[in-house]
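Note that ligands are numbered from 1 as they come in the structure, with each ligand's atoms numbered from 1 the same way. Along the sequence shown, residues carry numbers from 1.
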Amino acid sequence: MKDFNLDKLTRENVKGLSPYSSARDEYVSDGTEMVFLDANENPFSNGVNRYPDPQQRSLKSVLAEQKGVKTENLLLGNGSDEVLDLIYRAFCEPKEDNIITLPPTYGMYKVLSGINNIENKEVLLTANFEPNVDEILATANNNSKILFLCSPNNPTGNSFTAAKMHQLLEEFNGLVVVDEAYIDFSPQESWVTQLGNYPNLIVTQTLSKAYGLAGVRLGICIASEEIISVLNKIKPPYNVNELTQQRAKERVLDIDSVKQEVSKIMLEKEALSKVLLQVSFIEKVYASDANFILAKVDDATKRYNQLLEKGIVIRNRTTQPLCENTLRFTVGTPKENKQLINALNQINN
Ligand SMILES: *Cc1c(COP(=O)(O)O)cnc(C)c1O
């Protein structure tokens, strides 16, 4: 984007805010033994009787090292859904501003624009699920604050062509959020490496998919220090609880286990893709850089219901634009995938 000016993109009321200062912000421990009588907590220890660190310093330091950024480039949230919501609330003025999304894509962008009363301008992906760059740029106006690029995209599974993303980062005059929920399954490089080149780039990641911690709710926003400072002004002080901070840190440090599970999932995905191709009612299996496979079938609703009867729950995506008669299969354990294959073969007859 030309002449990037974050101040011009930030909501007026947010510019004037300073972050809420909690007891845990006002006195930061330097390791000295202190008596804490500042936060009206119950003093009897049970592991979680104290408020959590509002800046999640310990967790951020391990994440920063793993992602190759500074802790000042990180904002953590209660899932990436909270992180996305904070981005809307920092930059989009309700009833005035708009965002641009590229269906078929992740449903939360639309939900959040509804909640925040922000117009959602939708520009369909092309037939091969790529951003329609010309149309996106033609649709954008002075109030277009955010463009969401989900890559690898949910539910299609493909990564967008890097050249198209570069062009959008250069020519879209707002913030570009690259949602990398599935980046750990992808052979593509993360856009985090491009933060130095694009001051308007925000990357979101999550521990919900490859890291196997959907239940703890930990979303990651990676952006310039300037953008992170704005988001910190509006973040609820204790948005990431103590149990989440502890479990997330343990798991991030145990990256070897994460990588082993990811490799197993990738092998299973390759095998499953081949089997799906042989199922008579499956017409097309789309290439995927994620941990799920989108397939086109003869009658998605019928096949979805047949699988339900066999005890298998997948996602019917037939109502999504460009996804008529498609089903989305999450890759399971080897045993679960065998159950899926058995069920498909029974239906097949
Ligand atoms: C699953 C998913 C997320 C994850 O959201 P969390 O709130 O972190 O669990 C984000 N974006 C996309 C595209 C997803 O598919």
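Taken from CD1 in I87 to CG in N116, the straight-line distance is 11.5 Å, to the nearest 0.5 Å.
Contacts of ligand 1 (protein heavy-atom distance under 4.0 Å) are G79, S80, D81, Y106, C150, N154, D179, A181, Y182, T206, S208, K209, R217.
Remark: the Q339 side chain and the N337 side chain contain no N/O donor-acceptor pair separated by less than 3.5 Å.
The salt bridge (Lys or Arg N to Asp or Glu O under 4.0 Å) pairs that include a residue from residues 301-325 are D298-R303, where partners are two or more places apart or lie in different chains.
No cation-pi contact links R251 to Y211, judged by a cut-off of 6.0 Å to the six-membered ring centre and 45° from its axis.
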Requested in this report: Would you sort out whether E130 and K164 count as a salt bridge (Lys or Arg N to Asp or Glu O under 4.0 Å), showing the intermediate values?
Outcome: CA-CA 8 Å; E130 289 281 355; K164 290 184 196 291; 5.2 Å; no

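Below 30°, between 30° and 60°, or above 60°: for Y198 and H166 the angle between ring planes is between 30° and 60°, a tilted geometry.
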